[in-house]
Protein chains: 4
Amino acid sequence: MPPRKVKLRDEKRETILDGAVRVIAAKGFHRTRVSEVAKAAGVADGTIYLYFESKDELLRAVYERAMNRFLERGLLALAEASDPRAQLERFIQLHLECVGEDRELAAVFQVDLRKSIPFLQELSLGLLQRYLDALATILDRGQRKGSFLADLPPRELAKMVFGVLDELATNWVLSERNYRLESSAADAITFITRALGCSQPPRSN
Amino acid sequence: MPPRKVKLRDEKRETILDGAVRVIAAKGFHRTRVSEVAKAAGVADGTIYLYFESKDELLRAVYERAMNRFLERGLLALAEASDPRAQLERFIQLHLECVGEDRELAAVFQVDLRKSIPFLQELSLGLLQRYLDALATILDRGQRKGSFLADLPPRELAKMVFGVLDELATNWVLSERNYRLESSAADAITFITRALGCSQPPRSN
Amino acid sequence: MPPRKVKLRDEKRETILDGAVRVIAAKGFHRTRVSEVAKAAGVADGTIYLYFESKDELLRAVYERAMNRFLERGLLALAEASDPRAQLERFIQLHLECVGEDRELAAVFQVDLRKSIPFLQELSLGLLQRYLDALATILDRGQRKGSFLADLPPRELAKMVFGVLDELATNWVLSERNYRLESSAADAITFITRALGCSQPPRSN
Amino acid sequence: MPPRKVKLRDEKRETILDGAVRVIAAKGFHRTRVSEVAKAAGVADGTIYLYFESKDELLRAVYERAMNRFLERGLLALAEASDPRAQLERFIQLHLECVGEDRELAAVFQVDLRKSIPFLQELSLGLLQRYLDALATILDRGQRKGSFLADLPPRELAKMVFGVLDELATNWVLSERNYRLESSAADAITFITRALGCSQPPRSN
DNA sequence: TATGAATGAGAATTCATTCAT
DNA sequence: CATGAATGAATTCTCATTCAT
């Protein structure tokens, strides 16, 4: 019966990934040594290779897990709000909350992993596309309902919206000051909704 | 001080930097070997070390030179346009033109160098601050003149504007399609000026 | 002493040895991993170590078993033939038959195991000595009976005879062509009996 | 002008090969570590890789050099003797002399290198074929001139002759006693010429 | 007994940097 | 100044062996 074993196996896998995130956050992507990840995860060097084909494979898994967690939350948000304007605001808040929650993870995410290795790029593209798709869907629906101006294509708008949020996140990660990322949400919402030509006045929230 | 020699020295330095950009663009930041840079520059491996302290130092120089070239152009643009709205549009166009001009350099810039090494980050911050300062100055002036809404701080706006442009640039670098980056300029201008609450209609240009 | 258990124990031991032969034949001596032997034998990695002290020990056992099987047959042959000339011919045929029977095993034997590890060498020497002794006994008796010329010492002759047969075997193992090794027997007999100065004409068989 | 450099390069290459032979002879083929070869050759580990692609490549080179040296001598011998019988005797002596000259080298040769790695085998086959060809040529000429019986194909005979010599060499390498390999030459000549059915009596030499 | 996940010592290889020419 | 051969520290990955279950 595999259940038990699979459970243990997955748990150790997670443990290793956690260790990897920790080390990468501390030392940076390329300065990260497999042996350090092993130590951080509390396993032997060789154990890493029972769970991951290679160092690169491990790093890809780190990235994948993080991105998937992020997307799951973002996509769930879509169901929670009914009108596009509210959905968009929720999406913006979630993006910043998600990234803002764990600075370590965010550092890995914003600074190191995302743009580094060719095959990470591929993956990055795939997952990023999912993100942009989700966002574009909201924007498209909003344009059809008249909530947003329709003079720019939703896909293009999605990129620019992501750019705004991503830059805020990166700035936060790299900045020394200890402000909360979520505190940028209001400004971002103002900026973005205005850029989208929202007819309605900003929500009271 | 022998001017002649300094001249030659600087020329070879530039040659090496050119080689470095070429190799980094082709192989990526971490896959780049000093010996490959040397070959690309047509010098011996050891010669690199007569001009740069270390490999990291070389890479920082690559980055610095590129960023400075970029800023020089952007800051010059400020003098060429008189009103903040026009300045902003020029700034946007310049950003995208600059990045769009040399896809190789852009790749180094967007994908590899910017977010990789701790001390590159420091540098990055310094230069990026200069960029954001320049942009914030325009925005501030615009807010004072009533060209832009003044409900968000210029520094915050500058980040978000940079985010939009940067994301467009990154997307362009990573995309396979061979569209021209400048062609995104119109959309970016629409998006951004609307976000800034520009009162005037878009310029005919 | 519990015969039943010993029986089972020996059976599993044989199973493991069979697996080892298979893997070694396929991958070569040094490319063989303990885990692969385990898989081929249908047991867990750890189980190997319940039957063999170490990997080297396992390999020595493989060799020993094969050599013993070989010698048993060879020595039996001595009883079956009465005169030295016939014994010699039978010996030659047996050598080539034995090796020729199982190309897999022969490959392990000729190519990999025999000359590889120091303590395998010792063992090899021991068993090889038994082989050479058996052969020398035949030759010695033949010399005494006048069947073979007696101008060279039997031990020396035995080596050279072994050399002829061994080289034929090695050539066969390494050759791509699928001829039967036994078909070389006639040539070998001609060559060797002539070298020994046999007075009688070759037997009709 | 390359001559000087090539000279130096080749010299160092030889130095490394010499070191490799020494270590392989001492520790055996698979127990040989690159770092040990480096130390034996008096160079740094990395230097090995300036002259050889990989460890396997280095070992192949060791083998190739040895085999070529051997063949050169053997083939020269052909020119020195006029009649096939004398040529054969010279060949036998040379084989045993060559191997007997340097026990270290012979150990590498007989025990380790020859039969170990797949691609070494290929090489081995190629060079061994050249050896067998040379020998077969002598035998063939001898058969045509009536010096040797012609009832067995020269190629087949060559293998068996090689087997005799090779076995004597292997026995010598593995034996503890300190006899000279060349002292086996007379016996080998007696055995082989008789096996070939030489009409003439053994030479006085 | 049997298992197989975990271990960690060990090995090949790379590549930034040096320095004799 | 320029060279590029040499260096050797550093790193990834393998695999024989162990031991808790």
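Excluded from the calculations below are hydrogen atoms, water molecules and symmetry mates; all remaining heavy atoms, backbone and side chain alike, are included. In the text below, chain A, chain B and the rest are named by the order of the sequence lines, each starting its count at 1. These figures come from a predicted structure and were not determined experimentally.
- At the phosphate of dC1(F), neither OP1 nor OP2 sits under 4.0 Å from any side-chain N or O atom of Lys12(B).
- Residue Leu59(D) contributes atom CG, which lies 14 Å from atom C1' of dA11(E) at whole-angstrom precision.
- Counting to the nearest Å, the P atom of dA5(F) and the CG atom of Asp10(D) are 13 Å from each other.
- Contact check, Arg9(B) against dC1(F): a side-chain N or O comes under 4.0 Å of OP1 or OP2.
- Look at NZ on Lys39(A): it is 14 Å from C1' on dG8(E), rounded to the nearest Å.
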Heteroatom pairs (N/O) under 3.5 angstrom, protein to nucleotides 17-21 of chain E:
{"unit_1": "dT17(E)", "atom_1": "OP2", "unit_2": "Tyr49(B)", "atom_2": "OH", "d": "2.7"}
{"unit_1": "dT17(E)", "atom_1": "OP2", "unit_2": "Lys55(B)", "atom_2": "N", "d": "2.9"}

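- To the nearest angstrom, C1' of dT3(F) lies 12 Å from CD1 of Ile48(B).
- Residue-to-nucleotide proximity on DNA chain F shows that, of Leu50(D) and Val43(B), the 5′-proximal contact is made by Val43(B).
- We find that CZ of Arg13(C) is positioned 17 Å from C1' of dT1(E), with the value rounded to whole Å.
- Here Tyr51(B) reaches the OP1 or OP2 of dA2(F): one of its side-chain N or O atoms lies under 4.0 Å away.
- The shortest side-chain heavy-atom distance between Leu17(A) and Leu58(A) falls under the 4.5 Å cut-off.
- Remark: Arg65(D) engages Glu14(D), Asp18(D) in a salt bridge (Lys or Arg N to Asp or Glu O under 4.0 Å) (not counting sequence neighbours).
- Distance Glu36(D) CD to dA12(E) C1': 13 Å, rounded to the nearest Å.
- In this structure, Arg33(B) reaches the dA16(E) phosphate: one of its side-chain N or O atoms is under 4.0 Å from OP1 or OP2.
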Represent DNA chain F in dot-bracket notation, 5' to 3'. Only Watson-Crick or G-U wobble pairs with both distances under 3.5 Å count; pseudoknot-style crossings use [ ] and interstrand partners use |.
.||||||||||||||||||||

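- Residue Phe52(C) is classed as having no contact, given no heavy-atom separation below 4.0 Å to the nucleic acid.
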Review item, side-chain donor-acceptor pairs of residues 42-53 of chain A, under 3.5 Å, at least two apart:
{"unit_1": "Thr47(A)", "atom_1": "OG1", "unit_2": "Ala44(A)", "atom_2": "O", "d": "3.4"}

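- A distance of 9.5 Å separates CD of Glu57(B) from CG of Leu59(B), quoted to the nearest 0.5 Å.
- The pair Lys39(C)-Glu36(C) does not meet the salt-bridge criterion, since no charged nitrogen lies less than 4.0 angstrom from a carboxylate oxygen.
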